[in-house]
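So you know, we letter chains A, B, ... as the sequences are listed, proteins then strands, and number each from 1. Remember, predicted model here, so these are calculated numbers, not experimental data.
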Amino acid sequence: MKNEKRYKKNIYAILVILLFWQIISSVLNKPIIPQPSIVLLYMIKSFFSIIFVHLLFSFGRIVFGVFISIVIGITLGIIMGYNNRYDDILSPIIYFIYPIPKVALLPVVMLFFGLGELSKIIMIILIVVFQVIVAARDAVKNIPKETYYSLYTLGASKYDILKNVLFPAALPDILTSIRVSTGTAVSVLFFIETYGTEYGMGYFIMDSWMRVNYVEMYSGIIIMGILGFLLFLMIDFFEKRFCVWK
Amino acid sequence: MIKIESLTVKYGSFTALSNINLEIGDDEIYAVLGPSGCGKTTLIYALSMIIKEFEGRVLINDKPIKNSDVRIGTVLQNYGLLPWKNVYENALLGIEIKDKEKADKLYSEYIIKELGLEDLKYKYPNSLSGGQMQRVALARSFILKPQILLMDEPFSALDAITREKMQELFLNIWMNNKVSTVFVTHSIEEAICIGKKIVILSKSPGRILKIINNPLFGLKEPRLSSDFYNLSLEIRKFIKEGWSIEK
Ligand SMILES: Nc1ncnc2c1ncn2[C@@H]1O[C@H](COP(=O)(O)OP(=O)(O)OP(=O)(O)O)[C@@H](O)[C@H]1O
Ligand SMILES: [Mg+2]
């Protein structure tokens, strides 16, 4: 029911975008903004032969970067939320780095980690990990102390508490933080794929731009949008799967 | 057996419980009656080692409590359910943590059925009523087959009829599996129906005012006995004086 409604809304939004695009390109009638039908046709025709490998690289970088961020973020966040001593030590460091626009760190990361995959993944981690840390920490801090009581009476181990209280309590907030930071990560992905690689949607778009192939460029932009959309769908899926109780 | 020796519990400088001495045998239920704020929940917390800092001693089978060694069944006042686990998972939480193996399915199914939770199995606590949550907490503590049982107003959120049914059911299960039990309530009638001994606490800071031997304990229908009325009248009278002397 609800899904169907959302589904319809999405289709509606896409139609509106296509309509505007069609109108503008018809009015301007210039190669810098080709007809949507031509772009879509090209996109479908060349998807597997040309675009797919780029999409795969971009998708892989994001997913890997986000995954590492989750692992680091959950670990640090839960430790900091559960134990004030670690929070006191680590929070100032995080508060210092957190507000720096991560794109500004790109030169530093490139200097230290080179132009290859490592620096790309590290950029994504830098964007996502702090959000996850802070979300996990705050979620753990907000658990009412009574929630632990029945586990204490059972003589629960640290692992039991982690598995039954800390982790499930933090998960919804962690997913929300990933949703927020993934948007930023995709936009930064564009930048980091313009150097040191010949694969990825960022490269694909910049390369077609240089070659003045606007049809190809626009299809790249659309695919990039679809990539973000897919990532959000994935997060939604995990939320539905693991946070039924909310 | 639970042995409580001159137990005094403080929150900072505030004394919540003062010099409690009790000895609860293996086949005894102590019903603890006391006015709101007198320290009943505090007593349950000290007995289950949720509060670890107190004066005096609490011994179980003559040894200091170690939560990992003793099976302590609790029904806490706030139910103690985990919001991210459904009714079934919450009911089995105790035994899973304690035994690290799959629970005795037959017995847990039986308890869940007896407590009328079968249709609620896959619901989450945030969609349950207070009475339903209490029943889940009860199920958890029964399924655990505890060595001692600590219950903090376990039936307070139930309507009168369900409450009587639950009292009966509780006694039935308890009779088949007798363990030292502390049963906190502020209903005089409930104390008479449940307690072998009835402990009356004073206003805050809680002290023991009186321990009554309940002659009606173990009767099938205590409410039908004429002594039921007399006893509740006696307790009521005592409480009226006892809970108003101070201040
Ligand atoms: N964490 C705490 N810090 C300070 N004071 C507390 C704390 N918990 C309880 N108290 C105080 O200790 C006293 C006893 O509290 P307790 O919860 O044991 O009462 P109770 O007898 O269970 O009351 P009720 O019947 O309302 O549940 C109360 O005056 C309460 O305000
Ligand atoms: Mg209480």
Side-chain angles (χ1 to χ4, degrees), chain A residues 1-2 70 73-74 77-78 81-85 132 135-179 235-246, chain B residues 41-42 44-52 60 65-87 89-100 122-128 133 136-141 143-144 146-152:
Chain A
M1 222 10 218
K2 225 170 158 186
I70 293 175
I74 289 181
I78 286 181
Y82 194 64
N83 191 327
N84 279 327
R85 210 155 15 114
V132 178
R137 185 200 65 175
D138 291 350
V140 168
K141 285 205 175 215
N142 284 330
I143 301 171
K145 62 181 191 311
E146 287 83 8
T147 310
Y148 299 104
Y149 284 176
S150 44
L151 279 107
Y152 290 163
T153 66
L154 294 162
S157 65
K158 281 255 152 49
Y159 171 75
D160 289 326
I161 289 173
L162 176 71
K163 179 174 150 235
N164 291 295
V165 180
L166 302 175
F167 188 69
L171 197 57
D173 290 354
I174 290 168
L175 284 172
T176 305
S177 72
I178 292 169
R179 192 198 307 281
I235 297 165
D236 273 0
F237 170 79
F238 285 120
E239 211 157 52
K240 284 228 180 64
R241 174 75 183 69
F242 294 112
C243 309
V244 231
W245 55 276
K246 272 265 165 178
Chain B
T41 297
T42 306
I44 296 289
Y45 283 177
L47 297 185
S48 56
M49 295 300 275
I50 290 169
I51 293 177
K52 291 195 173 74
I60 291 175
I65 311 173
K66 235 181 120 204
N67 295 67
S68 46
D69 297 345
V70 195
R71 300 174 81 86
I72 304 177
T74 49
V75 178
L76 300 177
Q77 197 167 16
N78 58 11
Y79 323 125
L81 304 184
L82 298 177
W84 38 84
K85 291 188 183 283
N86 65 28
V87 166
E89 293 163 338
N90 261 301
L92 266 64
L93 180 72
I95 197 136
E96 266 178 26
I97 288 188
K98 210 73 224 183
D99 296 345
K100 301 283 174 223
Y122 301 109
K123 282 200 161 192
Y124 287 84
N126 68 357
S127 62
L128 298 180
M133 290 198 265
V136 181
L138 279 169
R140 179 193 287 168
S141 65
I143 289 170
L144 183 64
Q147 290 165 294
I148 70 167
L149 193 51
L150 309 170
M151 308 171 88
D152 196 350

Donor-acceptor pairs under 3.5 Å, chain A versus chain B:
unit_1   : atom_1 : unit_2   : atom_2 : d
A:Ser150 : OG     : B:Gly80  : O      : 3.0
A:Ser150 : OG     : B:Arg140 : NH1    : 3.4
A:Tyr152 : O      : B:Asn67  : ND2    : 3.0
A:Thr153 : O      : B:Asn67  : ND2    : 3.3
A:Leu154 : O      : B:Lys98  : NZ     : 3.0
A:Asp160 : OD1    : B:Lys100 : NZ     : 2.5
A:Asp160 : OD2    : B:Lys100 : NZ     : 2.9
A:Asn164 : O      : B:Trp84  : NE1    : 2.5
A:Asn164 : OD1    : B:Lys85  : NZ     : 3.0
A:Trp245 : O      : B:Asn126 : ND2    : 2.9

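- Contact of B:Leu150 with chain A is not made at all, since no heavy-atom distance falls under 4.5 Å.
- Residue B:Ile72 touches chain A through both its backbone and its side chain, counting heavy-atom pairs closer than 4.5 Å.
- For A:Leu151, the part lying near chain B is the side chain, with the backbone staying farther off; criterion is any non-hydrogen pair under 4.5 Å.
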